[in-house]
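Start at 1 with the first residue, then count along the sequence.
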Amino acid sequence: MRRRPKILAALAVVALPISMTGVSSGGPPAATAATPGPASAAAAEAFRSAAAKYGVPESVLMAVSYAETRWDDHQGKASTSGGYGPMHLTAVAPSELMERSTGEQLAKGESLRTLYTASNLTGLDPVALRNDTAANIAGGAALLASYQRSLKLPVGASTSAASWYGAVSTYAGASDRTSAAGFADDVYAILARGAARTTNTGQQLVMPALKVTPDKAQLAKTALPLAKKAAAATQCPAQLACESLPAPYSQYGPGAGDYGNHDLANRPKTGKIDYIVIHDTEGGWQGTLNLIQDPTYVSWQYTMRSSDGHVWQHVNANDVAWHAGNWYVNMHSIGIEHEGFAAQGATWYTEALYRNSAKLVKYLAKQNNIPLDRAHIIGHDQVPGTVPSTVAGMHWDPGPYWDWEHYFDLLGAPIYGHSIFPVKAGTTVTIKPGFASNQQVVTDCTTAGQPCAPQGTNFVYLRQAPDDAAPLVKDLGNRPNGADSTTQVSDIGGRAAAGSQYVVAERSGDWVAIWYLGAKAWFKSPASAPDAFAKPGLVVKPKAGKTSVPVYGRAYPEQAAYPAGIPYQAVTPLQYSISAGQAYPVGDAKIETDYYRATTFAGQPPTDHVQVLGKDRYYQIWFGHRMAYVRAADVDLKLAY
């Protein structure tokens, strides 16, 4: 059997709904910041004190910390790479090096234990460096100063930030110069932009913008080797040290259909690339790399490691990988797997992962003319089922803890978060609830029925009435028995995620109702702290005289478009519909109506793979948590504002 679904680690998944809102957080600096409280003042003083004591420019120290963790402190808990605190001091045990590292990294294994190096430099106990923010910042400053001295460069809080490029690149703990330079370039870009943010522990920090021209020649003074030359077929931006690990295109059985694990194509000639799909692996990177080399398994174009954002490419972007669980989306997308577990969130979704992923996505979007918006840079959780029976089994990664707002800041395409238009019936709104302070109650991450550890979430809950006690909305695709949606970590049926768009059906005080899966769905969005912002856009409404119109999970051609020898692929309506009086935003009005015929092993290059193009037109729309398609003949296209 081919095109089998990705095997996920079992996650028990229940709970009490609650609505909490907050302000946005992200990369760009805020023009002003709230008056710091005692905790915030203490954090700011910790950076000042450590910079002065160890002779590091405060701006450099803060920018390095922001690049590593965005100043977040996981309160004594480690990231997947063993990093602690706002300076990401690492403490990977020697026994773990074989599991976490490539051969090249084993040679530099000490860089995975910087917490103990910092302890030696400062005299502070490793426990304090893990758990105390001020101690952790001091440890990071001591490390930077030691790297500067090792390069025989001057140390001092008054030294120019431009003269610390070599030390900053060393702090990355990278295995090659390309990766180290990528980290240092990120740090200096943050420095030039400035930053202001409320951290996950409620500390408000501000770093003024400082534009300098770093001395990049210092990189040659480090002991880091040059990166391996990427294979010619690798499609990555120059600032990423990508490796090629090809997925097999081979026949493994006697039947013509017994092959794997992707299909050769010639995109965009055999189908436009419209989407980049963000996945998480639900497993460690080494196991993931083992799976991609199995011809009987599925495939995706890229894998990214959590600890440092290292990238492997497996399938050429012009070919069709089997990753989305929807052949139409596979035909038109590139899949990127990110090492991590959706139910664990921030422990795995490191800043290095976000930054390198954004670099890759920006590159791929530019190469393929893909818009940088949430209708085209999508989560696996947005991919629709193909027919009613497949909807409930669709995936929900990267989950509620993927920070879409920060990710789109890094992409240079911030999610819309301001408006001169009122939020009222008929307007199109973009959801932007913030992340760090938007700690919705989620359950079943580790124990059935128990709340997950509090952390930022990327969504607002949707209710059946404008009342905090009202049940969450129903999703007949997820729960065919008609039960209400839940707060289970995997249950996306009652959520509107950051960047998604909807049409307002009604407003009642602080509550807003949107059209969602064919019904009204309510969420709280007070004017003083809104979670939704009005923005003009195209919407679809059922044509006059139609009481309802169907929605679809794919946009295949009409039967007349299929040539002899290629079976007609039926387009079956999903279990949802759009009733008269409802409206839904358009994500893309110019998608291809097509079917890429690729069902047998074709050799290289393929000679019997065919793109069937139809004349029937579809629109991609925002419909529920997932996207959907409607026939242009069924709806009217209008501008809403």
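Looking at heavy atoms from C-beta onward, His279 lies out of side-chain contact with Trp300 at the 4.5 angstrom threshold. Residues Tyr556 and Trp327 are in side-chain contact: their nearest non-hydrogen atoms beyond the backbone lie under 4.5 Å apart. Leu264 has its side chain within reach of Tyr249: a pair of non-hydrogen atoms, C-beta onward, lies under 4.5 Å apart. At a threshold of 4.5 Å between non-hydrogen side-chain atoms, the residues Ile377 and Leu372 count as touching. The shortest side-chain heavy-atom distance between Ile276 and Ile370 falls under the 4.5 Å cut-off. Between Phe435 and Gln455, every side-chain heavy-atom pair lies at or beyond the 4.5 Å cut-off. Annotation: side chain of Asn261 is not in contact with side chain of Tyr252 (no heavy-atom distance under 4.5 Å). Between Thr303 and Ile292, the closest side-chain pair of non-hydrogen atoms is not below 4.5 Å.
In terms of the salt bridge (Lys or Arg N to Asp or Glu O under 4.0 Å) criterion, residue partners of Asp274 (sequence neighbours excluded) are, by chain and number, Lys272. Under the ring-ring contact (aromatic ring centres under 6.0 Å, His included) criterion, Tyr619 pairs with no residue at all, not counting sequence neighbours. Listed by chain and residue number, His323 satisfy the side-chain hydrogen bond (donor to acceptor under 3.5 Å, both in side chains) test with Ser333 (two or more places apart in sequence, or in another chain). Scanning for salt bridge (Lys or Arg N to Asp or Glu O under 4.0 Å) contacts around Asp475 gives an empty result, with sequence neighbours left out. In this structure, Asp319 has no salt bridge (Lys or Arg N to Asp or Glu O under 4.0 Å) partners at least two apart in sequence or on a different chain. Taking the ring-ring contact (aromatic ring centres under 6.0 Å, His included) definition, one finds that Tyr629 meets it with Tyr328, sequence neighbours left out. The side-chain hydrogen bond (donor to acceptor under 3.5 Å, both in side chains) check on Thr69 picks up nothing, with sequence neighbours excluded. By the salt bridge (Lys or Arg N to Asp or Glu O under 4.0 Å) test, Asp294 pairs with no residue at all, sequence neighbours left out. In this structure, Tyr618 has no side-chain hydrogen bond (donor to acceptor under 3.5 Å, both in side chains) partners at least two apart in sequence or on a different chain. Remark: Thr572 pairs with no residue by the side-chain hydrogen bond (donor to acceptor under 3.5 Å, both in side chains) rule, at least two apart or across chains.
In this structure, the ring of Trp622 has its center no less than 6.0 angstrom from the ring center of Tyr584.
Counted by atom type alone, Gln313 and Gln235 present one or more donor-acceptor pairs between their side chains at under 3.5 Å. Residues His332 and Asp594 bring a donor and an acceptor atom of their side chains to less than 3.5 Å of each other. With no hydrogens or angles considered, no side-chain donor-acceptor pair links Asp616 and Thr593 at under 3.5 Å. Side-chain contact, His310 with Ser179: no donor N or O sits under 3.5 Å from an acceptor N or O. Using modelled atom types, one finds no donor on one side chain facing an acceptor on the other under 3.5 Å when comparing His338 with Asp280. The closest side-chain donor-acceptor pair between Thr90 and Thr114 falls under 3.5 angstrom. A donor atom on one side chain and an acceptor atom on the other are found under 3.5 Å apart for Tyr407 and Ser357.
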(message) Evaluate Trp285 against Trp312 for ring pair (Phe, Tyr, Trp, His ring centres under 6.0 Å), listing each step before the verdict.
(response) CA-CA 10 Å; Trp285 63 265; Trp312 290 267; 5.4 Å; yes
(request) Verify side-chain hydrogen bond (donor to acceptor under 3.5 Å, both in side chains) between Gln620 and Tyr275, making sure each step is shown before the conclusion. (result) CA-CA 12 Å; Gln620 174 201 341; Tyr275 312 111; 3.1 Å; yes
(message) With ring pair (Phe, Tyr, Trp, His ring centres under 6.0 Å) as the criterion, how do Trp396 and Phe459 come out once you've worked through the C-alpha distance, each side chain's angles and the decisive distance to 0.1 Å?
(response) CA-CA 13 Å; Trp396 55 278; Phe459 68 92; over 10 Å; no
(message) With salt bridge (Lys or Arg N to Asp or Glu O under 4.0 Å) as the criterion, how do Arg479 and Asp491 come out once you've worked through the C-alpha distance, each side chain's angles and the decisive distance to 0.1 Å?
(response) CA-CA 10 Å; Arg479 297 176 180 274; Asp491 189 349; 3.0 Å; yes
(request) Given ring pair (Phe, Tyr, Trp, His ring centres under 6.0 Å), test Tyr302 with His314 step by step and report yes or no. (result) CA-CA 6 Å; Tyr302 299 88; His314 313 298; 7.9 Å; no
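The two residues Tyr576 and Leu476 make their nearest non-hydrogen contact at CE2-N, 4.3 Å. Between Tyr596 and His609, the closest heavy-atom pair is OH-CB, 3.1 Å. Scanning all heavy atoms of the two residues, the minimum distance from Ser299 to His262 falls at OG-CB, 3.4 Å. Of all heavy-atom pairs spanning Pro398 and Ala342, the tightest one is O-CB, 3.6 Å. Nearest heavy atoms, Pro237 versus Leu360: CD-CD1, 4.0 Å. Heavy atoms only, all atoms of each residue included: Val329 and Ala324 are closest at CG1-CB, 3.8 Å.
A donor-acceptor contact shorter than 3.5 Å links the side chain of Thr350 to the backbone of Leu353. In terms of modelled atom types and a separation under 3.5 Å, the side chain of Ser577 and the main chain of Pro550 share no donor-acceptor contact. Between the Gln293 side chain and the Leu289 main chain, a donor and an acceptor come within less than 3.5 Å of each other. The closest donor-acceptor contact from the side chain of Gln488 to the backbone of Ile492 lies at 3.5 Å or more, if one exists at all. Checking side-chain atoms of Tyr516 against main-chain N and O of Arg495 turns up a donor-acceptor pair under 3.5 Å. The backbone N or O of Gly335 sits less than 3.5 Å from a side-chain atom of Gln301, completing a donor-acceptor pair. The backbone N or O of Ala496 lies less than 3.5 Å from no partner atom in the side chain of Ser500, so there is not a single donor-acceptor pair.
A distance of 11.0 Å separates CD1 in Ile336 from CG in Asn356, rounded to the nearest 0.5 Å. Remark: Gln439 CD to Tyr401 OH distance equals 9.5 Å, nearest 0.5 Å. Rounded to the nearest 0.5 Å, atoms CG (Asp381) and CH2 (Trp402) are 11.5 Å apart. Here CE of Met331 is found 9.5 Å from CZ of Arg267. Values are rounded to the nearest 0.5 Å. Distance check: Gln501 CD to Ile621 CD1 gives 12.5 Å after rounding to the nearest 0.5 Å. Rounding to the nearest 0.5 Å gives a distance of 10.5 Å between CG of Asp263 and CZ of Phe601.
Residues in residues 363-377 take part in these side chain to side chain donor-acceptor pair (under 3.5 Å) pairs, two or more places apart or across chains: Asp373-His376, Arg374-Gln382, His376-Asp588. The salt bridge (Lys or Arg N to Asp or Glu O under 4.0 Å) analysis of residues 349-361, with sequence neighbours excluded, yields the pairs Asp186-Lys359, Glu351-Arg355.
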